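Notes follow once the structure below has been shown.
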Protein chains: 2
Amino acid sequence: MDHHDHSPFDGADTDGAPLDEAFTPRQEEVLEAALGLLVEGGERAITTAGLARAANCSKESLYKWFGDRDGVLAAMIAYQASKVRVAVGGPAAQRPADTYRADLEGFGIDLLAVLSGPASLALNRLAIGQASREGSRLGDLLVARGRRAVSSRAKGLLEAGKRAGHLRFEDTQGAFETLYGLIVRDMHVRLMLGEHVPATNTDRAMATHVAAAIDQFFRLYGADAQS
Amino acid sequence: MDHHDHSPFDGADTDGAPLDEAFTPRQEEVLEAALGLLVEGGERAITTAGLARAANCSKESLYKWFGDRDGVLAAMIAYQASKVRVAVGGPAAQRPADTYRADLEGFGIDLLAVLSGPASLALNRLAIGQASREGSRLGDLLVARGRRAVSSRAKGLLEAGKRAGHLRFEDTQGAFETLYGLIVRDMHVRLMLGEHVPATNTDRAMATHVAAAIDQFFRLYGADAQS
DNA sequence: TCCGTACCGTACCGTTCGGTACGGTGTCAA
DNA sequence: TTGACACCGTACCGAACGGTACGGTACGGA
């Protein structure tokens, strides 16, 4: 049920969670408009009539392209994820300790910036709202698409640090999850609840917070940390 | 529209959270039924007609007691929070190191158990879904009621540990947030997205994970940690 | 006994929304 | 010119929902 990588076009199958990429430019315009509506007004703001009006398209086209309203929501997540397709490679070369630390901090700041961005928050709220509904795979889709990119970039960074002798750990996944917890804490949930989180307000505040988190991370996983 | 707080007494909390309405037993029955609907079917499952049917009450009573549908949702959060009214005091006496560590682990396990519970997940999903809507204070309400209880218990525990010489830190809030991040990581979000999180499946898995997290916490904030 | 109160169950209304149908327009190819 | 195609805009339908009104019932106090 999870493996349908490249479908030539999204056909008339309306049952499962079908569609992957391969959106036409016109469809991407529509999805962009849908994202705008979502960011501004939440899920209830995405009505078929409202989206058609906002995107200057017909409802008939919506149903032709996306099957039904849920198909539009799924397509929005797939589309947004395809946009964020991160360059995962990163610096493979050996880097001195302070530069490597700056890489880690850069990762942390990027992570916080993404999580606190309005589009990300809106999509996460959408997926969480749909998660209670049975048979909705939006959550899985979001996790698979979004988290994977972050996770792979972080793990590459961590293993590079290990090879370079800056870090020491056995379980890459565990180290990544600890790093995530130290950086994000409960900010993501609080942001989604609409709370005002100071550490995500300005670049300066984010940098300060991330620096402290990376400090803690090095005390747990640094090469000179006592086991 | 917002000020109908005829709070008889019970003004224990000093912060801004306003409402302390005491619900009658009948109203609590209705709210319990509403929670059941919410847990099972998400926010869309709470319709005025459906709730009236499930709770064997009339729609007229719903509107009399709670004002409108949003009032029902707010009352659900207030009611659930009032149920969880935690015994915050905890052991004030000095405790030896290993017992104190067990206290911390107990806190962590309780925290994970609460966050992964179906009622908590459903309420958080509800509040997050409403957060996009302007003028909705459900998120604030949930944070104020739920988070505050956890936070105060944890801070009491941490400061007791500091006085007993088990911990060393300056910023209690910062230490608590680090502890929270080490324990919860991104599990809360993933649970709300409907994902299957192994570390919250069994008591054993939770205990193992929390023990590791407390290990890390002591390496950062233990009295014998290098600064 | 009578009346007020609180409540239940049902019927009802106006609106919104998902989904479908249809006519009209621009384009490209034969 | 003709026809096929993709699309837009609008009108329409049925269902669901929030909210209100009304009749009927139990109870407790004067």
Side-chain angles (χ1 to χ4, degrees), chain A residues 8-19 22-34 36-38 40-76 126 129-130 132-136 138, chain B residues 1 4 6 21-34 36-38 40-76 126 129-130 132-136 138:
Chain A
F9 56 87
D10 40 350
D13 47 353
T14 53
D15 47 352
L19 46 110
F23 295 122
T24 69
R26 183 72 185 103
Q27 290 168 3
E28 293 188 352
E29 282 180 35
V30 172
L31 293 176
E32 206 68 51
L37 289 177
L38 181 70
E40 192 184 357
E43 190 208 327
R44 311 290 283 244
I46 302 189
T47 66
T48 54
L51 176 56
R53 203 179 319 117
N56 287 325
C57 75
S58 68
K59 289 174 67 174
E60 199 172 19
S61 298
L62 290 183
Y63 286 97
K64 183 176 192 179
W65 292 331
F66 307 112
D68 57 5
R69 182 177 178 274
D70 286 348
V72 175
L73 302 183
M76 289 171 62
L126 169 63
Q130 294 282 320
S132 54
R133 219 169 163 157
E134 198 59 41
S136 175
L138 291 193
Chain B
M1 191 76 80
H4 40 268
H6 43 284
E21 352 201 344
F23 298 117
T24 70
R26 184 73 186 102
Q27 290 168 4
E28 293 187 352
E29 283 181 35
V30 172
L31 293 177
E32 206 69 50
L37 289 177
L38 180 70
E40 192 184 356
E43 189 209 328
R44 312 290 283 242
I46 302 189
T47 66
T48 55
L51 176 56
R53 202 179 318 117
N56 287 324
C57 75
S58 68
K59 288 175 67 173
E60 200 172 18
S61 298
L62 289 183
Y63 286 97
K64 183 177 192 178
W65 293 331
F66 308 112
D68 57 4
R69 183 177 179 274
D70 286 347
V72 175
L73 301 184
M76 289 171 60
L126 170 64
Q130 294 282 317
S132 54
R133 189 144 193 177
E134 198 58 42
S136 175
L138 291 193

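Chain letters run A, B, ... following the sequence lines, proteins first and then strands; every chain starts at 1. Small disclaimer: the values here were computed from a predicted structure and weren't measured.
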*asked:* Of the options C:dC7, C:dC8, D:dC7, whose atoms approach the side-chain atoms of A:W65 most closely?
replied: D:dC7
_Pair listing, salt bridge (charged side-chain N to carboxylate O under 4.0 Å, His left out) test, anchored in residues 44-62 of chain B, at least two apart_ = A:E43-B:R44
_Distance check needed: D:dA16 C1' versus B:K59 NZ, whole Å only._
11 Å
*Nearest to the side chain of B:E60, which nucleotide is it out of D:dG23, C:dG18, D:dG19?*
D:dG23
*Is any side-chain heavy atom of B:C57 closer than 4.5 Å to a side-chain heavy atom of B:R26?*
yes
_Quick check on contacts: within residues 44-58 of chain B, what sits under 4.0 Å from DNA chain C by heavy-atom distance?_
B:N56, B:C57, B:S58
*asked:* Without decimals, in angstroms, what is the distance between B:E29 CD and C:dC8 C1'?
replied: 14 Å
*Between B:S61 and C:dC7, does any side-chain N or O lie under 4.0 Å from OP1 or OP2?*
no
*Is there side-chain contact between B:F23 and B:V30, with at least one heavy-atom pair below 4.5 Å?*
no
_Minimum side-chain heavy-atom gap A:T24-A:W65 below 4.5 Å_ = no
*Could you please name the option among C:dG19, D:dC8, C:dA11 that lies closest to any side-chain atom of A:R69?*
C:dG19
*Whole angstrom is fine here: how far is it from CZ in A:R26 over to C1' in C:dT27?*
16 Å
